[in-house]
Each structure stands twice: as C-alpha cells, then as structure tokens.
Amino acid sequence: MANRKHIRPKSLLVLLALVILPILAACGTVDSAQTTINPQSDVAREIQGTYAFIFWVSVVVFVVVEGALVYAVFRYRRRPNSGMPKQTEGNMVLEVTWTIIPALILVAIAVPTWITIFRTDDIPAGSYIINVTGHQWWWEVEYPDVGLVTANEIRVPSDRTIGFHLETEDVLHSFWVPALFGKIDLVPGRTNTVWFTPDVETEGQMFLGQCVEFCGLSHANMRMRIFVDSPDDFAAWTAGLQSPAPEPSGVAATGHELFSSKGCTVCHSINGAYDAAGLFPAPNLTGFGSRVTLAGAIMENNATNLTAWLDNPEEIKPGNIMYKEAEAYKNPDLALTDADIGALVAYLQTLQ
Amino acid sequence: MATAVGAFGGADHAASKSGVWSWITTVDHKRIGILYGVTAVTFFLIGGFEALLIRLQLAEAESTLIAAGLFNQLFTMHALTMIFLAIMPLGAAFFNFIVPLQIGARDVAFPRLNALSYWLFLFGALLLNSSFIFGGAPDVGWFAYANLTALEYSPSSAVDFFALGMLVLGVSSLAAALNFIITILNLRAPGMTLMRMPVFTWMTLVVSFLLVFALPILTVGLVQLLFWREFGMPFFSAEAGADPLLWQHIFWLFGHPEVYILILPAMGIVSEILPTYSRKPLFGYSTVVFAGVAIGFMGFAVWAHHMFTVGLGSIALAAFSASTMLIAVPTGIKIFNWIATLWGGSIQFTTAMLFALGFVALFVIGGLSGVMHASPPVDTQQQDTYFVVAHLHYVLFGGSIMGLFGGIYYWFPKMTGRLLSEGWGKLHFWLMFIGMNVTFGPMHLVGIDGMPRRINTYDESMGWELLNQIETVGAFIIALSVAVFLVNFFKSVKSGEPAGDDPWDGRTLEWSISSPPPEYNFARIPVVHSNEPFWDQKHPELKHDAPPVIAGGADGEAEESIHMPNPSYWPIVVGFGTALAAGLVIVNPWLASIGAVIGLLGIYGWVFEPAGPEHH
Amino acid sequence: MAEQELHPAQAHESAHPSPAKYILIATYLTLITIFEVLIYYVDALQDYFLWIFLVLSAVKFYYVAMFYMHLKFDARIFKTLFIFGLVLATFIMAALLLLFSIII
Amino acid sequence: MTTNTTAHESHLATTTGLDHRKLLMWLFLASECLFFGSLIATFLLYKDASVVGPQPHEILNIPVTSTSTFVLLTSSLAMVLALAAVQRNDVVSARFWIFATAFLGATFLGFQVYEFYEFVIHGLTPKTNVFGASFFTLTGFHGAHVTVGVIWLMSLFFYSFRHGLPAERSLDVELCGLYWHFVDIVWVVIFTVVYLIGSLEPAAT
C-alpha cells in the first residue's frame, strides 16, 4: 500500500530508448537479401512510397503520444507533499479534438492507400505473361508464349512489364519477391495476378523470394528466385531450353539410362514443355544443369548438394513427394546405390 | 414460495467449504474465478514453453534442433494455447471474480452454468492438448486455412482435435458470455445505471456480446470443417466448385472480434488501475465506454483485412482498409483519455500501475504498426512476415498480457486477502517489459527484412540470424520474469502482507467489502449514486453535491437471511460428458455416444436438482 | 421458484393478444404461404420473384416475432437484442454475397 | 423444472425487472441468428456452384415443402394457444395444445425425413455436391433444433401430469414457446431462401 519507491527518471529514458530505437533502426537496415524496403520495380516502389508515408506519420504520432505519456508519468508522480489531485472528470472539447485529429490523419493515410490499390490493380495490357503454379513445395513456371516449363527459378526480360497468372495445384501458397512486388496468395479454384516492371538497373540481377502462406510440413523450403535478364540473354535462354539437350556420354549416359529405369521419368519431364498428357507432378528438369539452385531453391546446385539431395531428400525437404512416392525410394529393388547417384548427378548436370 | 428461511445461511455449507470436492462442486463465482485464473496461468506456462522451443529453433540459421513437423505443431499450439487457454480464460477469471463484486451482486445469474463453463473450458483444453499424446497436435496454424486441412493434406487426426477442441471451448465461452450479459444487465445494485458501471464491467459486457455473436459463426465453420473431413461433404473442395476462401471469411468473421475479445478486458483493467493510482476519476468515462462499444461493433466489419493478399479485388480492399483504419479512432480516444487521466494526478508507481503504464506504452506501438498493415498495398509486404508477429505480440503481449498481469497485482489482495510483494513485482515488471521489447522489437526489423512467419528454418545468408538470437535472449528474459512472478505468487499466497479491505484506496464497490470477500459478497446490497460509489463514500468532500452514503458493504448488520446456491457436481458431469463425446468422435463417431449419454444424464440430474434451499 | 413470476415486467403479459387474434394471424400466415406457392408457378412474375418472396417472408417473420413471440408487447430490451442479432446476421450474409459476387 | 437461479433473487428484484431465463433465451436466440445466418449464407454461396448435379431446381419439391411449412406454422399457433391456456390456468387445454405442438413438430420432422429420403433416392446426398452439403447441413441443423423442441415440449407435457402447469409457471412454457417460434421463423426464411428462391433456375449468364 505504501509508496515505497519513486521511479527514477533515468529508467524511464532507458525504457523509451528500448522502445524507440529498434523501430527507428528499421529505416537503416536495407541490406538483407529479401528486404521489403529496397524496391527495385515500379510496383514495389509505389508500395514503398505508401509505407514510408505511413511510417513517418506513425513516428510522429508515436513521439507525441509516448512523449505525453512519459511527461505525465514523470511530472505527476506522487511526491511526499502531493495533496489530493483535482477530480477532473472529462472535457468535451478535448474529446472532440482527439477524435477529429486522428480521423483526419487516417484520411491522409487512406487516400494514398486507395490510390496505390487502384494503380497496382490489374496487369497492364501488353505485359509479358508468365504462369506460375504452386506445389507442395516448389513453383512450376510456364512461359505460354514459347511453351516452356521450368521450376523455382524465373527468368524475365528486363524490357517488359511482367504479369503473373497464379494458380495452385494443391494447397494455399503465397507468391512474393519483396524487391519486385508485394505478395499475392495462390488459391485453389482461382487465378490471382500480380505484376511489376523491373528497374533498368536491375538487369543481370537476381532477387530472392519465397512462399509466405503456410503450406504444410516444408513450407520453409519453398523458395524461389527471379533473374532479370537483358532481352538478348532472355532470348538466348529460351532458345537454349527449346533446343534438345546434348547426347550424354560416359557416366552421364549411365545416368540417362538410370533416369528412365529407376522411374524418374514418371514424374520429371526433360523435354522443355508439357507433353500431351499434361502436367507432370514434379519439376520439369529441362536445363537443370544451368540452374543456380535445386530442391525448391533452397540450396546451390552443385554435385555435392545434388548427391545429398538424391541420397536422402527427406532429410533436406521433409515430406517431399519424391521421397514419398518415387519407386527409387519406396521399392528396395530400385533403391539408388552410391554409384547410381553419381551417374544421375553426372547426367543431370549435362542438362544445360 | 420457496422463500421460507429457517436457519439457512452460511452454516449449512460449512462442511463443503474445503477440500477438493468443494472445488469440484463449487458454484461460487469467486472460486470459479480462481479456478479459471490458476488454469489459465498453467496454460500460459505451457504456451510459453512452446514459445521458448520455437525461439530456440530459430536462434540459429538452418538449425536442426526441432524437426519441421514438431515445429509446426509448436507454433500452432502456442497460438491456440495463448489465445484460448491463457488470455481468454484469464479474462474470464476476472469477469468471474470481479464483475459481481463491482456491480454489487451476490453471484452471477446462473451459478451452475458458470461452473459448467469452467469445466467445459478445462476439458476442452485438455482435449486439445491431449493431441500431443494421441498422434500429433494441430499443425496447420491456429487459423487452420482450408484446404491444407483437407483429409488429403492433413491425414492425421490433428485437425479433428483442433475442430473438436475448439467446438468444446466455444460452447464454454458462449455459456459464460450469456451468463455474464444476464448478470451485468440484471444483477446490478440499485442505482447502478449502465453509465454508472465500472469500465471493467462495461468491457466485460462488450466482450460477452462479441462472443455471443462471433462464436456461432466459428461453430458453423468448424462443423463444416468436420463434415468435410469426416463425411466427405465438399465444403472447401475447389474441385467440387466450393471456395476454400469461405473458410477464411468464416474464420476471420469470428477471428477479428476475437482479437477484441482478447484486448478489451485488458483495456477495462487498465481503465480501473490508472484512476486508482492517479487518485483521479477516469478522464472522459462515457467516451471511454462508448469507444469500447464502438471498437466492439466495428470489430465485425473489418475481418477481411486478414485476407488482403487473397485477391479480394480493389473495391473490397479499399472498403476494408477504410473500415480498419476507422477503428484506430476509438482506440486512439481510449489512449488519449488514459493519458489525460494521468495528467494532473498523483501517480503512485505500484506494480499494478507499472503494468498499466506498460500496457499503454506498448499498445501504442502495436496500434501504430497495425495502422501500417491496414493499408493493403503495405500489407502485401508485411502480411505473413515477422512484422505482423511483432505487431500482434505488441498488442497481445504488450497489451493483453501486461494488462492482465496488472489486474493480477491489482486484485490479488481482494482475492486472497494478502498483497503480492511489490519488490518482486517490480522486478517481474521490469524483466517482462525489457524482455518483451527485446523479443518482439527486433521482429519488426527482421519482418521488414522479409523473414516470413511460420518457417522452421532459414538460410544463413539471409542475415536474419543476429536479430533472431536477440529475440531468443529476450524470450528467456520473459521466461525469467514469469519465474519471478511465480515465486512472488507462491510466497505471497502463503505469507504475503495482509492487505486489508481497501489497500489501494479503491474507487469501486469491490473495495468496500472484506478481502477475501465473504461467500455472499455483500451483507447488504449497496445503493449506488455514481460510477465511483466507494470513492464518493470515502471522500464526500470532493463532490459539490455530496452523494448519499452507500448502504451495504460487508459492514453493518447482515440481512436476515442470505441464500446462496447449493454446490453441484452436475456441471462437471455435463462438461466431462461433452468433452468426452467430442474426443471420442475422433476415435469413432459411434463411440461418442458414451460421452453423450454421460452428458445427457448430467443434464437430467441438473434439471431435477433443487438449486436452492427448498423447504416445504 | 414461483417468485420468478412476480416481477413487475410480468405485468406486460396481461397485454397479450387473445386466442382469436392468434388464430387470425395464423390465417394470415397460411394465406401468405399459399400466395407464395401460387405465384411461384406464375412465370410472368419470374423477374420479380426474389423481391416478392423476400417481402412476403419478412411479413411472416414480422407477424410471428411480434405477436407469437410477444416482441410487440414485451420489454424493449428483448426487441433490441434480437434485432441486433438479426441485423448483424443479415449484414454478414449480404457482405459475403457481395464479396463472392453472388449479388451485383 | 427447477432452475439454477439463486434463491436470493426471491427478495431482490432484477435490475431490469425481467426474468434471467427469459433474457437468456432472447440473447440465445439472437446468437442463433448468427448461427443460421452463417449456414444460410453458405447455402446461398454454394447453391449454384455445384460441378455435378442434381442442381436445386431439379430436385426441390415445392408442393411437399409448402405442406410441411404449413404444418410448422400451424404448430406455432398451437404453441401460443398452449401458453394462453397456461396463463389462464386451464391445464387441460394447455396440455392439449402442448401435445398438438409437439405432434405437428414431429409431423414436420416426418416430412423432412421423407424429403431427405427422396433426395437420396434421386441421387442427392450430402457428399454429392456443394449444394447437397450446404442444403443438408442447413436443413439438418434446423431439423435438429425442431427435434430438441419436440423433446422439450414432450417433457413439459409429461411434467404437467405430475406437477400440473399452474399460471405461475407459465414462464417454463413461454421459454419453450420462444424457442419454438424462433425455429419456426428460421423455417420461414429457409422456405423462402432455400426452396422458393433457391429452386429458381439460375439465370443463364
């Protein structure tokens, strides 16, 4: 009951610093690979503009409100000679004031918000369309104009506005590359869209993204990359995928053999496009050797990682369908030996 | 008429005042409140333990400490536990203990229904948590979005545990909410008009209305989810023409009011604490009340802001962003009035007051980050990242938990007759305040840096590791603060300083009676003339028109006879039967009839049990 | 237990309509239902069905709630509570139908 | 039918002057509005969304349902007459009308069982399509409410033989009546929305 200790003003300052500093520091950290506040496209910059405006308004409100709070707490602390304070019950003018002012601030926030909503609404006419289909846990990427299918790594030309048509094959996913565009969910039965125009300076750069709607066991392992290519590089890349892969030789030829005999071809296509039967349930491996990453863009594509992946995919990506369904992992007669894996790795690396 | 009196008073109950059986059969709102409180704190510890495991896993990039499957169970159960088994029941503990005292009532309107609410809560909570033993806890997020919950993608019974546990908890909350609305509307002391009710009572009323109107919506969704999984009715199967988004709409139609269900009790508590330790009335009482009511109302019109990234279309985005931003107005009004309450006051820094001030300071941060993702374009960069995790923890931890701890320090003397130690309490507060900011502050940064929620692993090259390590340290500081609280609690229960009836120079009716209150609360029902009746009684000189002294309180001669309801074991029977039936549905729907029979027998016994003393 | 019935509000109940009035209302309800079914088979009215049916069922709803459930004569708080639930439910239905583009 | 009201209310009128239980019933019914509202909303969203038939207009039988609607509306009349009889202390008629209400309610359930059976024969089960799922869930929950009402009414009926139904106890009947009428008006909405409007062929768009 007794007022044993008075609070020290110093501790209040420490308190304030603890709260404010992390928030202000937020403006300083833009160097992370997946940061949301280093926009590299028109759409991302538009969003960032709205965010920055709201952020600074919030900072002002924060300083005013917390300042008033800290001042009141400090100024009106009970002192030994404090008498009974005046029993103020309220003040209508103040109530009206602090109803109207926040309302006006919110209108100021709402207007740019609405403008941005409608500006980033539909894919602009004439955009380069790419279809993306979400799977547990990888991205299928289709270029309808050239009939090409690839996975997890999306190459886009730097001179076009890019529009994505997004669908999911199984559960909800969310498609997001923060530097280029805000996220949009992939919902069963719907086709959602998102678009962006890369900045000129982004040519030759790579951008990180990943699935951000919880989609089951390996949700954390559903990542992706977008490469902004110069128009020429992009054309060369599509042409490369359309031309048949070189005939494998040596160990790679054994690998090619195994690729069929172990049942890999049941799910994986290597001929660039969908075949007549339609979708393959697993990533299309055309041009796999030239990809930077593997297994849902979670690790670098090199012989060591690929060997580890083929050796025990469940450990790298828990719950993945290859380990669950593929004959090579289910059927002991078809199990992969170390030599098999070596041959397969050699073969897959030839798929340029 | 069954009002024949005889010697029936407290004496008949003497035999049943102690022992486990007395707790099992109790229908006393104060004991039920304590049951709620102890259970809620226990689940708070469990939920906190789950949080620590999550934080340990994330402290290191590419950590393999906890497998992905377990991690998903942990974050799902952490949310469910904290929301439904800790914060909500802790609120219910105060509703139970304090509201009847604040309105000058002897009990709630339906004491046995009140006991049933508690037992359903307890058994529902046990059912939900038993999933850890029986084949895996829910691992689909607390929102359980379709169609990840489809049998095809979640073949284990984890989702069934979620749906059935939530159904049982929902019935519990609905019964409690109905009970509290009737209690508050119908059992107020003479003279206590609606606009003379303490703000905590007001917020209880608003929360109860939110539950009454939001829970049936969730019930429909859970029933659809169960029918979908158990009987193959294609409620959320896109291939059958259904829309999985319906689940999201239904869930958030419940889920957003639920957010206010979690925060409004804390706002009510803070509105009690700030005036008491400032020795001033709450500034703008009626505005604060109306703001609370407005927040409740508007809570039903903003649900789709949880769905800004599902492809709602521009018009819906614009509409829901507007309604969401609008809610900031009444929220702001509350904060300004709290600060104005402090202004010109004589502020005493008790532990309860520190928690209330911490609430205001931290809630402002959670509110402001909330305004940021009220803007749909901004939300497309923040949704499902750690920025939102930071936001919701500033609201639910900095807000609800801080407010509820404030309530514990404030009302503990009333509940037990002893004070919690202020020294330990202040240590608890500062550790928790610092730990909370160290844990959740950096989450803003790592969220802005693009770290998604609900991932069990991230690449070292992402640059998130340092901030995550800091967060984990913060989580352990919070854990330490909770340990301090427990020490304080157990020490003070046993040997705390005697509190006296009115340790804080309180303003509302609960301080006018003894600590702990007698079973019948008020020997005489007081007559109320203002919204701070006890304060006005103590300080008649402060009012221009000195109000009449309130009659009643524990002093004075008791009314001739006070009848209290008899203890009853039927509530626990009905509660057990219901939860058992729900649990057995998972094994085999036919087996559920065993639980149903127990429940029905319980209802039969309940209906034909004489509730009060009947002397013919 | 009988003391429950001695509250002042119970006095309202004396104002309840007579059985004759109840029967009259039942007649209305039956007639409206028959009318609904009859016009259901009038193809010429097809374009207006939605509104006709909604209005007619609202009338039926009104009669049952106001007279059979005594809302018209009982304490106002009952009306307030019930209408609040009703309006909220209607709002939510309308909002969902709008969001799913079923109407408009 | 004892209640769990506390005895102290005997000399302490409630604040609003209204009985706890009646207030509880109305509040519960307000809550039920949201329950049925969500079920009806689901039906409206899904009624024409099915990929496979039968579609609503192919299977809903208006004449049969009109008859059962009439039965349920009549039961509401019986219910108010029962309450009126209790209030004027006429136990015999009260008993008759309570039984009549329960009987008409049971008849309505009979119609519903017949309807469900017919639908299943004609290939519409809850699993068939989203129309079936939302239709059976909505009308099934309504039927469950009617069933509870019938049990409640029959309890009152049998109770009246042992303990009578004095006018002071009219609240017991009134509460049951409120519940019953609510279930009736929910059906008024269902009949209109599910059957009359629901069975219209969707405009060819």
>> With rounding to the nearest 0.5 angstrom, report the OH to CZ distance, Y46(D) to F100(C).
In response: 6.5 Å
>> Checking an interface table here. Which of residues 62-72 of chain D come within a heavy-atom distance under 4.5 Å of chain C?
In response: I62(D), P63(D), S66(D), T69(D), F70(D)
> Under the criterion side chain to side chain contact (heavy atoms under 4.5 Å, CB included), which of Y63(C), Y68(C), F61(C) is the partner of I185(D)?
Replying inline: F61(C)
> Based on non-hydrogen pairs under 4.5 Å, which of V189(D), L77(D), V188(D), L81(D) is most in contact with chain C?
Replying inline: L77(D)
> For the residue pair L96(C) and L45(D), what are the closest heavy atoms and their distance?
Replying inline: O-CD2, 3.9 Å
> Side chain, backbone, both or neither: which part of S199(D) has a non-hydrogen atom closer than 4.5 Å to chain C?
Replying inline: both
>> Quick check for you: among F84(C), F82(C), F67(C), which has the greatest number of heavy-atom pairs under 4.5 Å with chain D?
In response: F82(C)
> Of the backbone (N, CA, C, O) and the side chain (C-beta and beyond), which part of S57(C) lies under 4.5 Å from a heavy atom of chain D, both, or neither?
Replying inline: both
> Would you find more than 12 non-hydrogen atoms of other residues, nucleotides or ligands less than 6.0 Å from H57(D) atom NE2?
Replying inline: yes
>> Using a 4.5 angstrom heavy-atom cutoff, name the option from T74(D), V80(D), D48(D) with the most pairs to chain C.
In response: V80(D)
> Does any heavy atom of chain D fall under 4.5 Å from the side chain of I23(C), the backbone, both, or neither of them?
Replying inline: both
> Are Y40(C) and L200(D) close enough that some pair of their side-chain heavy atoms sits under 4.5 Å apart?
Replying inline: yes
> Using non-hydrogen atoms only, which part of L54(C) is less than 4.5 Å away from chain D: side chain, backbone, both, or neither?
Replying inline: both
>> Using 0.5 Å steps for rounding, measure from the CE atom of M79(D) to the OH atom of Y22(C).
In response: 10.5 Å
>> Quick check for you: to the nearest 0.5 Å, what is the distance between T27(C) atom OG1 and L73(D) atom CG?
In response: 11.5 Å
>> Is any side-chain heavy atom of L18(D) closer than 4.5 Å to one of D74(C)?
In response: no
> So does Y117(D) have more than 12 non-hydrogen atoms from other groups sitting under 6.0 Å from OH?
Replying inline: no
> Side chains of F49(C) and L196(D): closer than 4.5 Å at any heavy-atom pair?
Replying inline: no
> Is there any residue in residues 24-37 of chain D with a non-hydrogen atom under 4.5 Å from a non-hydrogen atom of chain C, and which ones are they?
Replying inline: W26(D), L27(D), L29(D), A30(D), C33(D), L34(D), G37(D)
> Do you know which two heavy atoms are closest between F78(C) and L23(D), and how far apart they sit?
Replying inline: CE2-CD1, 3.5 Å
> What residue, out of I83(C), L71(C), I92(C), I77(C), has the most heavy-atom pairs lying under 4.5 Å from chain D?
Replying inline: L71(C)
